[in-house]
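Quick notes on the structure that follows.
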Number of protein chains: 2
Amino acid sequence: MNIKDVAARAGLPAKTIRYYEEIGLIRPLRAANGYRAFRESDLHKLEFIGRARSLGFSIDDCRSLLALYEDKARASGDVKALAERHLQRIEAKLAELHAMQDTLSQLVHACKGDARPDCPILSGLAKGPSCCA
Amino acid sequence: MNIKDVAARAGLPAKTIRYYEEIGLIRPLRAANGYRAFRESDLHKLEFIGRARSLGFSIDDCRSLLALYEDKARASGDVKALAERHLQRIEAKLAELHAMQDTLSQLVHACKGDARPDCPILSGLAKGPSCCA
DNA sequence: TATGGGGCTTCCAGTCACGGGAAGGTCAAG
DNA sequence: CTTGACCTTCCCGTGACTGGAAGCCCCATA
């Protein structure tokens, strides 16, 4: 398989796949002409990585997850620990975004949004003590 | 005021303040010795930027917000429009994170997390069709 | 007056996960 | 034989900083 086919089947840009090779996430073979020659197993890994990335795992996490995936003697506890750390990062980010949404939607709601210059949003940013997490 | 004082009062790292000058967000004066000489108005702007950043506004948004703040003939509708666009980005991000949290917490919950290798998290990543937003 | 330490300055490089685009080799169809 | 689609590598740019090196500047103390 050439890169475009894997890209289509894995749902990833070809550029991204080359990048994943560069950083050592995958190691496709090479044809005589220098083209990357992907096996089914490479495609499988790429799909794995794609799903992990879409769940927000970092590239480093993906590397660890792949290693665990390929280690048939892994402890599921290690996988779970990794996933739980990530889940906590997600939850922290969620809390942060919720706080922003809260403050910002209040400000937006208080602003008339007409042609006149008075604006609670700007005043809030200028010196609002009740603003910001 | 030297940079360390403004940094302390604005709650921003000195490095960040230098960066904000470099990209033209602020224009502090210079003392004879080459040191930046901050006025109260510079501090005020930095606090404004800091609050906007903590609400998640991009640097470009901050630039626009500052311009609107300083334009006494602004229309509050322009400010509101900018804030609403940002609010929508936040809400989109929230939805994305909620979806991740959803999927991931299901997987985590299904994983026993013991010393054995079977792991629903890894199987989910490997070929779970019900996985991923 | 020398010296030490903490400030300040600039500049360069790195972060994360790619994306854009140039320059050039390769392959299948017409 | 040419065209055009594919492939390759290489380098630069993104956003919003952060870290560190090299080198002034200023003040206090010995």
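Letters A, B, ... mirror the listed sequences (proteins, then strands); counts begin at 1. Note that the structure is predicted; figures quoted are calculated from it, not measured.
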Helix axis bend for the helix from C:dT1-D:dA30 to C:dG30-D:dC1 - C1'-based end axes, five pairs, 10° rounding | 30°
Look at B:R53 and D:dC17 and indicate whether a side-chain polar atom (N or O) is within less than 4.0 Å of OP1 or OP2.
-> yes
Between atom CZ in A:F38 and atom P in D:dC6, what is the gap in whole Å?
-> 15 Å
Short side-chain N/O contact from A:R30 to OP1 or OP2 of D:dT9, under 4.0 Å = yes
Could you tell me the separation between the CG atom of A:D61 and the C1' atom of C:dC16, rounded to a whole number of Å?
-> 13 Å
Between C:dC16 and A:S58, is there an OP1 or OP2 to side-chain N/O distance shorter than 4.0 Å?
-> no
Residue list, salt bridge (Lys or Arg N to Asp or Glu O under 4.0 Å) with B:E84, at least two apart or on another chain | none
Before accepting this row, confirm whether a basic side-chain N of the pair A:E21/A:R18 lies closer than 4.0 Å to the acidic partner's carboxylate O.
-> no
Rounded to whole angstrom units, what separation is found between the CG atom of B:L12 and the P atom of D:dA16?
-> 14 Å
If only side-chain N and O atoms of B:R18 are considered, is one of them under 4.0 Å from the OP1 or OP2 phosphate oxygen of D:dG19?
-> no
Please determine, for the side chain of B:K4, which listed nucleotide (D:dT18, C:dC8, D:dA16) has the closest atom?
-> C:dC8
Is a donor on one side and an acceptor on the other found under 3.5 Å between the side chain of A:R36 and the backbone of A:I3?
-> no
In whole angstroms, the gap separating P of C:dG6 from CG of B:N2 amounts to 17 Å
According to a strict under-4.0 Å criterion, is A:T16 in side-chain N/O contact with OP1 or OP2 of C:dA17?
-> no
When you check the phosphate oxygens OP1 and OP2 of D:dT8, does a side-chain N or O of A:N33 lie under 4.0 Å from one of them?
-> no
A:E22 CD - D:dC7 P separation (whole Å) = 18 Å
Interatomic distance where CZ belongs to B:F57 and P belongs to D:dA16 [whole Å] = 13 Å
Say whether, by atom type as modelled, one donor and one acceptor occur between the side chain of B:H86 and the main chain of B:D61 under 3.5 angstrom.
-> no
Touch class at under 4.0 angstrom, heavy-atom based, for A:Y20 against every strand present = sugar-phosphate
Mind calculating the distance between CD1 (B:I17) and C1' (C:dT9) to the nearest angstrom?
-> 15 Å
Whether over 12 other heavy atoms sit under 6.0 Å from B:H98 NE2 = yes
Any side-chain N or O of B:R36 less than 4.0 Å from the OP1 or OP2 oxygen of C:dT9?
-> yes
Residues A:R39, A:D42: salt bridge by 4.0 Å N-O rule = yes
Flag the pair B:R116 and B:D118 as a salt bridge only when some basic side-chain nitrogen lies within less than 4.0 angstrom of an acidic carboxylate oxygen.
-> no
With the criterion being N/O to N/O and under 3.5 Å, what pairs connect the protein with nucleotides 20-24 of chain D, and how long is each?
from	atom 1	to	atom 2	distance (Å)
D:dG20	O6	B:K15	NZ	2.3

Find out whether B:L66 and B:R63 are in side-chain contact, i.e. whether some heavy atom of one side chain is under 4.5 Å from a heavy atom of the other.
-> no
How is A:I3 classified with respect to the nucleic acid when contacts are heavy atoms under 4.0 Å: base, sugar-phosphate, or nothing?
-> sugar-phosphate
Less than 4.5 Å apart, any side-chain heavy atom of A:T103 and any of B:R51?
-> no
Between the main-chain N or O of B:Y35 and the side-chain N or O of B:N33, is there a donor-acceptor pair closer than 3.5 Å?
-> yes
In whole angstrom, give the distance that lies between atom CD1 of B:I49 and atom C1' of D:dC17.
-> 14 Å
